[in-house]
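Worksheet: one structure, shown below.
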Amino acid sequence: MVDSLSLKPEAAAPAPAPAVKRGRGRPQPSLRSRREAWAAHLFLVPWFIGLFLITIGPIVASFYLSFTDYSLLEEAKWVGLENYIKLFTEDPRFWTSLKVTAVYVVVSVPLQLAFALALALLLDRGLRGLSFYRSIYYLPSLLGGSVAIAILWRKIFGADGLVNAILAVFGIQGTSYVNNPDTALSTLILLHVWTFGAPMVIFLAGLRQIPSSYYEAASIDGAGTLQQFKSITLPLLTPIIFFNLVLEIIKSFQSFTQSFIVSNGTGGPTDSTLFYTLYLYTKGFKDYEMGYASALAWVLVVIIAALTGINFLASKYWVFYGDSK
């Protein structure tokens, strides 16, 4: 009996594996690619120099100085948490500046955003020369933080300013609003509201992204203008509102020029316009307490970061995104 196994053809021997080329797995870049890479790095060098010397360097230095007693004229002396303890327990002007700034932010930011949205809605109705009006209304945002506008604002609301001149026509005797503790902060809030151009342009861009078919369908269903705004415009604009809100809160906490010029750098009258940044400037460059001013700066960083984080956490309850379920 012939073994059946012997009748089977022998299995073909496996093909030898291709020889693996030893060395680097990736091909070497060409000379031209290497030159382009070096050129790219060379152009990035100024940016990196600015990043480390102008941004990261001062940030690290200010953090260190916040734990020191440093007067700009003498060597910094390490004091640990003394500046922070003094700031929260022994400095009433710190709390005053924080209160003034908080009132300024809480009142001016919503008013500015509401005014900017209202004006954006008017401009979205299809006016002729829209680009011209958009440029004109954007100018206050460019000029509002300047020294010239702050000086002009002080003249307008001064004892002999434009506001009192208009009131005199109606037989009303005005006062110097910038020198009155009850009204000085209100003039700065009004100035901030006047710089509505940047959020208005962003609102206008958001309105242009809402499909007109939504409004047409709502009109067919009998929804009026107010109902359309409440049910269509406002929900679809919530991401834009959130974006403007975060930016304006950060910018408002950093306001300095208006208070400095209107109050002659004192925050008066009776600290009614003592912005946090103005107090920081006073401690650092007038009282030469740079270590203490650095501590003030880092507290401001923490406050802004905390408020920004709270806004992001709360946004999931009121911000509507088109792809959200």
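Everything numeric in this text was worked out from a predicted model, so none of it was measured.
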When the ring planes of Trp153 and Phe157 are compared, do they come out parallel, tilted or perpendicular, using 30° and 60° as the limits?
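Rings of Trp153 and Phe157: tilted, as their planes differ by 30° to 60°.
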
Is the distance between the ring centroids of [X] and [Y] less than 6.0 Å?
X: Phe242; Y: Phe312; answer: yes
X: Tyr292; Y: Tyr70; answer: no
X: Tyr281; Y: Phe256; answer: yes

Would [X] and [Y] count as having a side-chain donor-acceptor pair, cut-off 3.5 Å?
X: Asn179; Y: Arg154; result: no
X: Thr233; Y: Tyr215; result: yes
X: Tyr321; Y: Thr238; result: no

Does Thr187 use its side chain to pair, donor to acceptor, with the backbone of Ala184 at less than 3.5 Å?
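Checking the backbone N and O of Ala184 against the side chain of Thr187, a donor-acceptor pair under 3.5 Å is found.
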
Look only at the side chain of Asn164 and the backbone of Gly158, and say whether a donor-acceptor pair between them is shorter than 3.5 Å.
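Present.
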
Would you give the length of the straight line joining atom [atom1] of [X] to atom [atom2] of [Y], rounded to the nearest 0.5 angstrom?
X: Leu204; Y: Leu123; atom1: CG; atom2: CG; answer: 6.0 Å
X: Asp182; Y: Ser272; atom1: CG; atom2: OG; answer: 8.5 Å
X: Thr96; Y: Asp91; atom1: OG1; atom2: CG; answer: 8.5 Å

Compare every heavy atom of [Y] with every heavy atom of [X], then report the nearest pair and how far apart it is.
X: Leu185; Y: Thr273; value: N-CG2, 3.9 Å
X: Thr266; Y: Asp271; value: O-OD1, 4.0 Å
X: Phe275; Y: Ser255; value: CD2-O, 3.5 Å
X: Thr68; Y: Tyr64; value: CG2-O, 3.4 Å

With a 4.5 Å heavy-atom cut-off, do Ser66 and Tyr84 have their side chains touching?
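They are in side-chain contact.
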
Does the side-chain contact (heavy atoms from CB on, under 4.5 Å) test come out yes or no for Lys99 and Trp95, once each step is laid out?
CA-CA 6 Å; Lys99 177 183 176 182; Trp95 295 106; over 6 Å; no

With side-chain contact (heavy atoms from CB on, under 4.5 Å) as the test, would you mind laying out the steps for Ser263 and Leu278 before giving the verdict?
CA-CA 10 Å; Ser263 67; Leu278 178 59; 3.9 Å; yes

In sequence, state the C-alpha distance, the side-chain angles, and the governing distance for Thr277 and Thr101, and then conclude on side-chain contact (heavy atoms from CB on, under 4.5 Å).
CA-CA 9 Å; Thr277 51; Thr101 307; over 6 Å; no

Under 3.5 Å, sequence neighbours excluded: what are the donor-acceptor pairs made by side chains of residues 221-232?
from	atom 1	to	atom 2	distance (Å)
Gln227	NE2	Ser231	OG	2.7
Gln228	NE2	Ser219	OG	3.0
Gln228	NE2	Ala223	O	3.1
Ser231	OG	Gln227	O	3.2

Side-chain donor-acceptor pairs of residues 105-122 under 3.5 Å, sequence neighbours excluded:
from	atom 1	to	atom 2	distance (Å)
Ser108	OG	Tyr104	O	2.4
Gln112	NE2	His192	O	3.1
Gln112	NE2	Thr195	O	2.6
Gln112	NE2	Thr195	OG1	3.3

Between Met290 and Phe285, does the side-chain contact (heavy atoms from CB on, under 4.5 Å) criterion hold? Intermediate values first, please.
CA-CA 7 Å; Met290 188 57 68; Phe285 296 98; 3.9 Å; yes

Please say which of Ile303, Ile59, Leu65, Asn83 ends up in a side chain to side chain contact (heavy atoms under 4.5 Å, CB included) with Trp298.
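Exactly one option meets the side chain to side chain contact (heavy atoms under 4.5 Å, CB included) with Trp298, and it is Ile59.
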
Run the salt-bridge test on Asp124 and Arg208 with the 4.0 Å N-O cut-off and return the result as yes or no.
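Looking at Arg208 together with Asp124, the answer is yes, because their closest N to O distance falls below 4.0 Å.
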
